[in-house]
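Below you'll find the structure, written out as C-alpha cells, and then a few comments.
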Amino acid sequence: MPSTPVRLIAALGSGALTMALVAAPVSPAAGAPRTTEKEPVAVGSGGAVATVDAEATRVGLEVLRKGGNAVDAAVAAAATLGVTEPYSAGIGGGGFFVYYDAATGEVHTIDGRETAPQAMQEDAFVENGTPIQFNDAVTSGLSVGVPGTPQTWDVALDRWGTISLGEALHGATQVALRGFVVDQTFVDQTAANAGRFAAFTSTSELYLPGGQPPALGTVFRNRDMAATYDLLAEQGVQALYTGPLAQDIVDTVQEPPIAPGVTRLVRPGLMELGDLASYEALLREPTAVTYRGLDVFGMGPPSSGGSTVGEALNILENVPLTGIGETQALHHYFEASALAFADRNRYVGDSDYVTVPLDELLSDGFAAERACEISPLSALTKPVAPGSPDGDYAATCGSPTSAAQADEEGLSTTHLTTADRFGNVVAYTLTIESTGGSGIVVPDRGFLLNNELTDFNFTDTQGGNDPNLPAPGKRPRSSMSPTIVLDERGEPLLAVGSPGGSTIITTVLQILMNRLDLGMDLPEAVAAPRATQRNTPSVQAEPGFPRAELAALGHMFANNPEIGAATGIEFLDSGLLQAVAEPLRRGGGSAGVVIPG
Ligand code: GLU
C-alpha cells in the first residue's frame with residue numbers, strides 16, 4: 001500500500017509553526033524532539049539538501065550553515081537517515097556515493113557495496129539442488145553482506161570533507177538521543193515487518209516496544225544507535241570492522257538472536273571477522289555518457305545503474321524526443337529501457353569478478369544498433385534478447401525474444417542529494433536492501449543488518465554466462481543510480497537518484513527524460529506519474545500514468561501504486577539552487593536550502 005502523506009507539524013511544537021522551509025526548524029524546549037515542516041521544493045542559495053526526511057535534511061543544512069561542504073552534509077544527513085529511516089539505510093548496509101568536485105571539475109565515485117564473505121560459494125543459495133525461497137533468504141544471516149556504509153563515510157570525509165567523522169555524526173546522534181516523531185511511513189513499515197521483527201529478540205526490543213509498532217506521533221529514541229555512533233566518533237569507523245563491535249556483528253550473523261518459541265527457519269550466515277577486517281570501500285571511475293550535449297555521470301559496476309541509465313539515454317538520443325508527442329516519447333522510453341535491461345541482465349556484475357563490456361555498452365555505436373530494434377508503430381515483444389556489445393556494430397535489427405526473468409530485488413533504500421556554496425554536489429544512494437534489511441538488529445548496537453546478498457542471482461539465469469552469481473568477496477549487482485549531470489560548460493546542472501530496487505534505473509531515466517526532453521522543471525519531473533519497463537511482458541505503472549495510446553501500440557500494463565522516492569537538486573539559470581523531493585510518495589520528502597529566496 002502507498003503510505004499516507006503526512007506533514008509533520010505541531011506534533012510537539014508550539015503554535016509558531018509558520019515557517020515555509022525546513023531551513024527554519026522549530027525551536028524546541030531544551031532536549032525535546034524537534035519537528036520540522038516538510039517541503040518538497042526549496043529554492044535559494046548557500047547550499048541545498050534534499051532527502052526523504054525532515055530531520056536528515058535539517059541536519060545536513062546545519063552542517064552547511066556552519067561552513068561544511070556538500071560531502072560533510074551528505075554524510076551527516078545519511079547518518080541521520082540511519083536513525084529516522086532505519087529500515088532503508090544505516091551502518092549495517094552499503095551504497096554508492098557520486099561526487100562532483102567544483103575545484104577540479106571532476107566526478108568521483110565511492111563503491112561502498114557490501115561484499116560476500118570469503119566462505120560464500122556460487123551455490124550458497126541452493127539447497128538439495130533447489131534455490132531457497134527468496135523470502136527465506138531475505139530474513140537470514142546468510143544474506144548479510146559485509147557493510148560498506150561506514151567506510152564510505154570515512155573515505156568521503158577523508159578525501160573531500162572538511163569535518164571529522166565525529167562532527168558529521170553529531171546531529172544524527174542528537175536525533176537518536178532526543179528522538180524523532182514517528183510518522184505514518186515509519187508506522188506502516190514497522191507494521192509490515194512486525195512478523196519477522198518479532199522473530200528476533202534484539203529487533204523486537206528496539207522496534208516493537210510492548211510488542212507493537214511505535215504509535216503515530218510518538219517520540220522514538222534509539223540510545224543504542226547513539227552509543228554506536230559515539231563509538232565510531234571516538235575510535236573511527238574501524239571500530240565496526242575490528243574489535244568488539246565487529247565480533248557482535250559476526251556473532252549476530254552466525255547465530256541470529258531468535259526469540260524463544262520461534263519456529264521460523266533462519267539460516268545462519270557465513271561472515272567471519274576476517275571478512276570485516278578486509279572490507280574496502282573503493283574509488284571507482286564514474287560511468288559517463290553525453291546526452292544531447294550534456295555529460296551524465298553515474299555509478300559503474302557493481303552497480304548496473306550508470307551503465308543501464310547511460311545505455312538507455314544513448315538509445316533515446318537516436319530520436320528527437322522533444323516534439324514527437326508524449327505517447328511516442330514514452331513509447332521510446334519503454335523500448336530503450338527494455339533493451340538496456342536485457343543487456344544489463346546479461347552483461348553486468350561485479351567487474352572485479354566478471355568481464356563487463358562497459359565501454360561497448362555505453363558506446364554510441366552499440367546504442368544505434370539497439371535503437372534500430374525500435375519501431376514507432378508497435379511495441380517490441382518482451383522480454384527482448386540481449387545485444388552483442390562486441391565493437392562491431394551493424395544495424396541488423398530484428399532481435400529475437402528471450403525467456404522471461406523474475407526480478408526480486410527489494411524496494412527499500414534511500415537517496416539524498418546535497419550541494420554547497422562552492423558548487424560541489426553529492427548524489428548518494430544507500431540501502432540495507434529490503435525494507436527492514438535482514439530484519440536482524442545487532443543486539444545492543446541499535447542498527448539493522450542488510451540482506452544485500454539476495455541481490456545475487458541464486459542460480460544461473462543466463463545459460464552459463466550469469467555475471468551475478470555469488471562468489472567469495474564478490475559484490476552483488478546493484479541498480480542504484482546516483483546521477484550527476486553537467487551542462488555544456490562542464491558546470492553542474494542537476495543531480496538525482498531514487499530508491500526502488502531495479503525500478504531505480506527507470507525512475508532516474510524517466511526523471512531525466514521529463515526534465516531534459518519533455519519540458520518539465522525538476523519538481524514536475526519528479527512528481528509526474530511513473531511507469532517502469534524492465535524487459536518484462538507488462539509495464540508497471542502508477543495510477544495517473546497515461547496508458548490508452550501506449551496500449552494501442554502494444555504495451556501491456558500492470559498496476560504499481562508507488563514507484564520510487566526520488567530527490568534531486570538543480571542549479572537554476574538564475575544562479576539559485578532548487579532542492580527537490582517527492583510531494584507525496586512515501587509520505588513526501590524534505591527539500592531545504594541554506595538561504596531561502
Ligand atoms: N539492493 C538494491 C540495489 O542495490 C536496492 C534496493 C532498493 O532500492 O530497494 O539495487
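Heavy atoms only: backbone and side chains are in, while hydrogens, waters and symmetry mates are out. Remember, it's 1-based here, ligands and their atoms both numbered in the order they're listed.
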Within-cut-off N or O pair, E433 and ligand 1, under 3.5 Å: yes
Would you confirm whether the ring centroid of F220 sits within less than 6.0 angstrom of the ring centroid of F186? yes
Please verify the inter-ring angle class for W153 with Y229; under 30° counts as parallel, over 60° as perpendicular, anything in between as tilted. tilted
Numbered in order shown, the ligand 1 atoms found under 4.0 Å of a heavy atom of E452 are 1 (N), 2 (C), 4 (O)
Please list, chain by chain and in numerical order, all residues satisfying side-chain contact (heavy atoms from CB on, under 4.5 Å) with D343, sequence neighbours excluded. E311, Y347, L361, F366, R370, P386
Any N/O pair G500/ligand 1 closer than 3.5 Å: yes
Side chain, backbone, both or neither: I504 near ligand 1, heavy atoms under 4.0 Å: side chain
Give a yes-or-no answer on whether the side chains of H415 and T413 include a donor-acceptor pair shorter than 3.5 Å. no
Check: R477 N/O within less than 3.5 Å of ligand 1 N/O: no
Classify the ring geometry between Y87 and F197 as parallel (under 30°), tilted (30 to 60°) or perpendicular (over 60°). tilted
Quick one: look at R113 and ligand 1, take heavy-atom pairs under 4.0 Å, and tell me if it's side chain, backbone, both or neither. side chain
Look only at interatomic distance and state if P499 has a nitrogen or oxygen under 3.5 Å from any nitrogen or oxygen of ligand 1. no
Looking at residues at least two apart in the chain, or sitting in another chain, which of them share a side chain to side chain donor-acceptor pair (under 3.5 Å) with T287? none
